[in-house]
Amino acid sequence: QVQLVESGGGSVQAGGSLRLSCVASGWYHNSFCMGWFRLAPGKEREGVAVITFSGSTTHYADSVKGRFTISRDNAKNMYLQMNSLKPDDTAMYYCEAEPAPCYGSLSSNAYSYWGQGTQVTVSS
């Protein structure tokens with residue numbers, strides 16, 4: 001079975017950086033879209049960044065463009081480099097995955113698997 005485990009969250013000052021990792025296991029092929037989603041108290045789940053199974057196409061939420069970078073390792077493990085963090089970035093961040101065919105949607109409903117999340121807290 002597919003399992004996704006996130007790590008790398010923590011507490012930082014505004015303007016700081018964090019790098020999140022998602023370690024994937026239990027699948028036999030690399031044909032999965034993967035993405036990072038976040039959930040803050042009182043807010044809707046938000047798609048942050050996604051990457052297609054080829055690893056060549058990415059899509060970002062407008063709120064993080066220019067600050068966050070998504071990447072993947074051998075189309076299985078995934079990373080999110082977060083720079084210039086803002087207090088509004090504070091949330092639980094989740095790794096999600098969907099078998100191909102998949103198109104890098106920022107909608108969480110498009111993904112079948114997700115991890116337990118890692119907390120990111122940014123103080124002003």
* Quick one: OG1 on T121 to CD on Q13, what's the gap to the nearest 0.5 Å? -> 11.5 Å
* Is there a donor-acceptor pair under 3.5 Å between the side chain of E96 and the backbone N or O of W114? -> no
* Asked: Under 4.0 Å between a Lys/Arg side-chain N and an Asp/Glu carboxylate O for K65 and D62?
  -> yes
* Any donor-acceptor pair under 3.5 Å linking the side chain of Q81 with the backbone of T69? -> no
* Contact summary for L106 and F37, nearest pair of heavy atoms -> O-CE2, 3.1 Å
* Asked: Ignoring hydrogens and geometry, is there a side-chain-to-backbone donor-acceptor pair from Q119 to A91 under 3.5 Å?
  -> yes
* Are R38 and D89 close enough that some pair of their side-chain heavy atoms sits under 4.5 Å apart? -> yes
* Asked: Y103 and V48: same hydrophobic cluster, using ILVMFWY side-chain contacts below 4.5 Å?
  -> no
* Nearest atoms (heavy-atom pairs only) where H59 meets G104 -> CB-O, 4.2 Å
* Asked: Looking only at atom types and distance, does a side-chain atom of T90 sit under 3.5 Å from a main-chain N or O of V122, one as donor and one as acceptor?
  -> yes
* Structure fact -> Of all heavy-atom pairs linking S84 and R67, the shortest is O-NH1, 3.0 Å
* To do: Check whether any side-chain N or O of E98 sits under 3.5 Å from a backbone N or O of S112 as a donor-acceptor pair, and report yes or no.
  => yes
* After noting the C-alpha distance and the side-chain angles of E46 and V64, does the key distance pass the side chain to side chain contact (heavy atoms under 4.5 Å, CB included) rule? -> CA-CA 11 Å; E46 177 187 21; V64 306; 5.8 Å; no
* Report yes or no: do V23 and L4 belong to one cluster of Ile/Leu/Val/Met/Phe/Trp/Tyr joined by side chain heavy-atom distances under 4.5 Å? => no
* Structure fact -> Closest non-hydrogen contact found for C22 with M34 is SG-CE, 4.0 Å
* Can you measure from CG (L20) to CH2 (W36) and round to the nearest 0.5 angstrom? => 4.5 Å
* **For the student: nearest non-hydrogen atoms of A14 and S124, plus distance** => CB-CA, 4.3 Å
* F32 side chain reached by Y113 side chain, heavy atoms, under 4.5 Å -> yes
* Asked: Tell me, do Y111 and C102 make a side-chain contact under 4.5 Å, heavy atoms counted?
  -> no
* Asked: Within the distance-only criterion (no hydrogens, no angle test), does the side chain of Y60 pair as donor or acceptor with the backbone N or O of I70 below 3.5 angstrom?
  -> yes
* Would you say R72's side chain and C33's backbone share a donor-acceptor pair under 3.5 angstrom? -> no
* Kindly indicate whether the side chain of T118, heavy atoms from C-beta on, has any atom under 4.5 Å from the side chain of S7. => no
* Can you tell me how far the CZ atom of F68 sits from the OG1 atom of T58, to the nearest 0.5 Å? -> 14.0 Å
* If you look at every heavy atom in K43 and L39, which pair is closest and at what distance? -> O-CD1, 3.3 Å
* Backbone of Q116 reached by a side-chain donor or acceptor of E6 within 3.5 Å -> yes
